[in-house]
Amino acid sequence: VQLQASGGGLVQAGDSLRLSCAASGRTIVGYAMAWFRQAPGKEREFVATIGWRGGTTYYADSVKGRFTISRDNAKTMVYLQMNSLKPEDTAVYYCAADRTLGSSQYEYRYWGQGTLVTVSS
């Protein structure tokens, strides 16, 4: 599975942004999809994940209630709607895929190249 994330940019605190992840090479049916992020000087951290049917989602506590992960299997797309953005959300955001649902980056074999989100105060 090849993944390409897009939609990042520079926004102000309190704004919203929607990230997209386009999958190609094969269907994403049967694959859990996830978003991770890496802030400068920090380790990559889990943001959200969604089961292949779309009915199961998990979020990091830091984004719960503000971010929503969704998917469109027919379009092989995954989205991350980010509302009420904070400066601490500034990071490179990566989408990832694999057969099992998890919150560890080591559970995902397929990764996109990342898209930068910068939130100014």
Side-chain angles (χ1 to χ4, degrees):
V1 179
Q2 288 83 48
L3 303 173
Q4 183 166 359
S6 62
L10 173 62
V11 297
Q12 293 187 329
D15 284 352
S16 297
L17 203 60
R18 188 176 85 153
L19 304 184
S20 299
C21 177
S24 61
R26 66 177 69 181
T27 177
I28 60 172
V29 170
Y31 284 83
M33 304 295 296
W35 288 95
F36 289 79
R37 68 186 182 186
Q38 188 167 17
K42 295 189 176 181
E43 303 246 331
R44 188 173 298 185
E45 65 174 5
F46 168 74
V47 175
T49 188
I50 185 167
W52 76 268
R53 295 180 189 270
T56 302
T57 57
Y58 295 107
Y59 297 90
D61 288 343
S62 59
V63 306
K64 204 172 293 183
R66 300 188 298 122
F67 290 11
T68 302
I69 187 171
S70 61
R71 63 190 294 159
D72 186 331
N73 288 342
K75 296 181 179 179
T76 64
M77 295 290 295
V78 180
Y79 306 99
L80 186 68
Q81 178 66 44
M82 305 185 294
N83 298 330
S84 303
L85 282 161
K86 304 175 180 180
E88 50 264 43
D89 294 319
T90 294
V92 176
Y93 284 71
Y94 300 89
C95 58
D98 213 315
R99 290 288 188 178
T100 57
L101 192 68
S103 60
S104 168
Q105 60 176 314
Y106 303 107
E107 297 177 278
Y108 293 88
R109 287 175 290 170
Y110 307 103
W111 291 84
Q113 85 291 356
T115 185
L116 176 62
V117 173
T118 304
V119 185
S120 63
S121 57

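Along the sequence shown, residues are numbered consecutively beginning with 1.
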Between [X] and [Y], what is the shortest heavy-atom contact and its length?
| X | Y | value |
| --- | --- | --- |
| Gln2 | Gly25 | OE1-CA, 3.4 Å |
| Ile50 | Ser70 | CD1-CA, 3.8 Å |
| Gly7 | Leu17 | O-CG, 3.6 Å |

Show me, pair by pair, the donor-acceptor contacts under 3.5 angstrom made by side chains of residues 56-63, not counting sequence neighbours?
| residue | atom | partner | partner atom | Å |
| --- | --- | --- | --- | --- |
| Tyr59 | OH | Ile69 | N | 2.9 |
| Asp61 | OD1 | Lys64 | NZ | 3.1 |
| Ser62 | OG | Arg37 | NH2 | 3.4 |

Which disulfide bond (SG atoms under 2.5 Å apart) pairs, counting each pair once, include a residue from [range], with sequence neighbours left out?
| range | value |
| --- | --- |
| residues 47-89 | none |
| residues 46-78 | none |
| residues 16-102 | Cys21-Cys95 |

Any donor-acceptor N/O pair, [X] side chain to [Y] backbone, under 3.5 Å:
| X | Y | result |
| --- | --- | --- |
| Asp72 | Lys75 | yes |
| Thr49 | Met33 | yes |
| Thr90 | Pro87 | yes |
| Arg44 | Tyr93 | no |

Problem set entry | Other ILVMFWY residues reachable from Val29 by side-chain steps of under 4.5 Å | Trp52
Exercise. Is the ring centre of Tyr94 less than 6.0 Å from the ring centre of Phe36?
Worked result: no
For this session: Decide yes or no for Arg66 and Lys86: does some side-chain heavy atom of the first lie under 4.5 Å from some side-chain heavy atom of the second?
Result: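 A side-chain contact under 4.5 Å exists here.
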Problem set entry | All pairs passing salt bridge (charged side-chain N to carboxylate O under 4.0 Å, His left out) where residues 11-20 contributes a residue, at least two apart | none
For residues 78-85, please give each side-chain donor-acceptor pair under 3.5 Å, one per line with the distance, not counting sequence neighbours.
| residue | atom | partner | partner atom | Å |
| --- | --- | --- | --- | --- |
| Gln81 | NE2 | Asn83 | OD1 | 2.9 |
| Asn83 | OD1 | Ser16 | OG | 2.9 |

For this session: Look at the side-chain heavy atoms of Ile, Leu, Val, Met, Phe, Trp and Tyr, link any pair under 4.5 Å apart, and say whether Leu3 and Leu19 land in one connected group.
Result: yes
When the side chains of residues 109-121 are checked against the rest of the protein, which donor-acceptor pairs come out under 3.5 Å, sequence neighbours left out?
| residue | atom | partner | partner atom | Å |
| --- | --- | --- | --- | --- |
| Arg109 | NE | Asp98 | OD1 | 3.2 |
| Arg109 | NE | Asp98 | OD2 | 2.9 |
| Arg109 | NH2 | Asp98 | OD1 | 2.9 |
| Trp111 | NE1 | Tyr108 | O | 2.9 |
| Gln113 | OE1 | Ala5 | N | 3.3 |
| Gln113 | NE2 | Ala5 | O | 2.9 |
| Thr115 | OG1 | Gly8 | N | 3.0 |
| Ser120 | OG | Val11 | O | 3.3 |

Seminar exercise, completed: Residue set satisfying side chain to side chain donor-acceptor pair (under 3.5 Å) with Tyr31, at least two apart, ordered chain then number -> Arg26
For this session: Check side chain to side chain donor-acceptor pair (under 3.5 Å) between Arg99 and all other residues, then give those that pass, not counting sequence neighbours.
Result: none
